[in-house]
Amino acid sequence: MIMAPTPRECVASVDTSKPDGKSHHHHHHHHPQLQVKYTSEPTLVSPAEETKKGLYFLSNLDQNIAVIVRTIYCYAGADDGRKDGKDRSPVEVIRSALEKVLVRYYPLAGRLTISPEGKLIVDCTGEGAIFVEAEAECELREVGDITKPDPETLGKLVYEVPGAKNILEMPPLIAQVTMFKCGGFALGLCMNHCMLDGIGAMEFVNSWGETARGLPLTTEPFLDRTILRSREPPRIESLHHEFMEIGDFKLSDVQGEEETMYRSFCFDPGMLERLKAKAAEDGVLGKITTFEALSGFVWQARTKALKFPPEHRAKLLFAVDGRRKFEPPLPKGYFGNGIVLTNSICPARELLDRPLSSAVALVQGAIEMVTDSYMRSAIDYFEVTRARPSLASTLLITTWSRLSFHEADFGWGQPVVSGPVVLPEKEVILFLSHGKERKSINVLLGLPAPAMEIFQEMVMQI
């Protein structure tokens, strides 16, 4: 459900405790105890100029993913001085650029509230984003592999509002700049997904960086979300199984009460090519993308690893970017969620005892289903039912590998690494592009230990 940045260059996932350092063997990364202390009180950064007040409409595509997304961008040595020779600290530069960029993105300086229709809406108060400064007791490289979400450690780089009981008590944007001993720094962001999807977040952070470097914005935000209003009267033209509650079979009957363990697997270009070839070998499918092959594989492998009963239904959900699929397409710079959830549901036996091509065909079908009519129908469906997607017996794939976050340059170059703090739900699998060329994909997932063993076996056989 969350979409967000791709790392420019993940720190190599090598587990030093293993002599061969193969990334798909590692169990846990031991991050050192990261000590962070706040060097300022949290302050409010409001837009540099007067901005429009009043209520700002959020579409139904914004409504049903109002989750908090926490991301981190790490930058190497700020003490090398800026490229423009001005000696200003990252904190000052980032803060003053935020004041300026919030003029263009003024709803991010407002506060979420509930509209008379009972939906989320933004009250554009201009109060501002929360901004806090911190210092870490170590060098940036000591943080370890941030490509593996680790809420314990990485959470310290993102500020949490103390005592916030729900999302209405949190501003839509919270930023923390943490300085490291080496002169490197990290920008930790906490944003509400109802404000931005991955592409929107990427455009916002890139614009913030351009503002910091005194450049004009490559992409002006298009703020009017009413272009995605529901129709009068609403017309529900699709089945919308993404909202279907299919019930969980008791995993504990099969697995025992095992806690979830998290691991990341690196699929290098060779493995990805072999998966595509394997999906194509029976000649059933035409063109197969990397995303389709990998998604089909992880859905099939996870279903086998969790020992789904053959007659039990399995559900796959993933977001499709609808920006170009709407008719007319959404304007360039559309500020908001342009993504729509699509789904595939089948009896588990169709995944358990069929070739990879059948899982991939289901993924392709889910992508093809997303048309203008499907998306408008999803918007109208929410208008009528206010339904939330159900995650029972579900795998939700979220892809951050197609986003170019490496433009997030505030004057100290591109982030050496960026990524999420945490996997939001145990049903979620994350795809992150990896390596200098971004040709590999890191797949992050959580499974009970016995299932993780089976899943790993299947990855080893690729």
Side-chain angles (χ1 to χ4, degrees), residues 1 64 236-251 253-255 275-276 278-320 339-371 373-375 377-378 381 385 387-399 425-431 443 445-448 451-452 454-455 457-459 461-462:
M1 224 158 259
N64 59 14
I236 297 168
E237 298 155 328
S238 302
L239 290 168
H240 299 297
H241 285 155
E242 63 271 30
F243 300 106
M244 192 162 97
E245 182 78 63
I246 52 185
D248 260 326
F249 63 93
K250 282 288 262 254
L251 269 184
D253 299 349
V254 190
Q255 296 288 351
L275 274 183
K276 281 191 200 173
K278 194 173 166 189
E281 69 192 0
D282 49 17
V284 185
L285 305 173
K287 186 181 175 311
I288 301 166
T289 66
T290 302
F291 173 81
E292 292 160 358
L294 187 56
S295 298
F297 170 78
V298 297
W299 190 27
Q300 189 175 44
R302 181 178 177 273
T303 305
K304 288 177 180 174
L306 287 171
K307 301 196 162 95
F308 267 62
E311 67 292 347
H312 191 83
R313 285 188 295 178
K315 179 163 85 167
L316 175 69
L317 291 178
F318 58 91
V320 172
I339 53 173
V340 181
L341 276 186
T342 185
N343 70 89
S344 184
I345 293 185
C346 68
R349 76 167 59 82
E350 295 191 19
L351 296 168
L352 298 171
D353 49 19
R354 303 256 175 107
L356 178 60
S357 62
S358 75
V360 173
L362 291 168
V363 174
Q364 291 183 336
I367 295 171
E368 277 152 26
M369 191 160 72
V370 181
T371 59
S373 141
Y374 174 89
M375 296 189 291
S377 172
Y381 183 91
T385 64
R388 293 271 189 274
S390 158
L391 285 183
S393 297
T394 295
L395 168 60
L396 185 113
I397 295 177
T398 164
T399 307
E425 308 280 348
K426 66 180 187 314
E427 296 83 3
V428 174
I429 281 189
L430 192 58
F431 291 178
V443 173
L445 78 162
L447 285 171
M452 189 62 89
I454 301 171
F455 188 89
E457 279 306 298
M458 287 153 91
V459 174
Q461 285 160 22
I462 295 171

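- With sequence neighbours excluded, the residues that form a salt bridge (charged side-chain N to carboxylate O under 4.0 Å, His left out) with K276 are E273.
- The structure places CZ of F318 at 12.0 Å from OG1 of T398, a figure rounded to the nearest 0.5 Å.
- Of the inter-residue distances, the one linking E427 atom CD with I397 atom CD1 reads 13.0 Å to the nearest 0.5 angstrom.
- Side-chain contact between E292 and L285: absent, with no pair of heavy atoms (C-beta onward) separated by less than 4.5 Å.
- With rounding to the nearest 0.5 angstrom, the OG atom of S238 is 10.5 Å from the CE atom of M375.
- In this structure, the side chains of F308 and L351 stay at 4.5 Å or more apart for every pair of heavy atoms.
- The nearest pair of heavy atoms linking V360 to A293 is CG2-CA, 3.9 Å.
- In plain terms, the two heavy atoms of L317 and E242 that are nearest each other are CD2-CB, 3.5 Å.
- Scanning all heavy atoms of the two residues, the minimum distance from A359 to Q300 falls at CB-CB, 4.3 Å.
- The side-chain heavy atoms of T289 and Q364, taken from C-beta on, include no pair separated by under 4.5 Å.
- One finds the CH2 atom of W299 at 11.0 Å from the NZ atom of K315 (value rounded to the nearest 0.5 Å).
- Within a 6.0 Å radius of NZ in K304, other residues, nucleotides and ligands contribute more than 12 heavy atoms.
- Contact record, P355 with D282: CG-OD2, 3.6 Å, taken as the closest heavy-atom pair.
- For E237, the salt bridge (charged side-chain N to carboxylate O under 4.0 Å, His left out) partners are R231, R235, not counting sequence neighbours.
- Two residues are said to be in side-chain contact when any heavy atoms from C-beta on lie closer than 4.5 Å; L306 and F455 fail this criterion.
- Atom CZ of R302 has more than 12 heavy atoms from other residues, nucleotides or ligands within 6.0 Å.
- Partner of I429 under the side-chain contact (heavy atoms from CB on, under 4.5 Å) criterion, chosen from T399, L396, L445, L294: L445.
- Atom CG of L239 and atom CE of M369 lie 8.5 Å apart (nearest 0.5 Å).
- Closest approach of L362 and C346 over heavy atoms only: CD1-SG, 3.8 Å.
- Taking every heavy atom of both residues into account, T303 and A348 meet most closely at CG2-CB, 4.1 Å.
- Legend: residues meeting ring-ring contact (aromatic ring centres under 6.0 Å, His included) with Y381, ordered by chain and number and at least two apart, are H240, F243.
- Atoms CG and OG1, from L316 and T342 in turn, are 8.5 Å apart once rounded to the nearest 0.5 Å.
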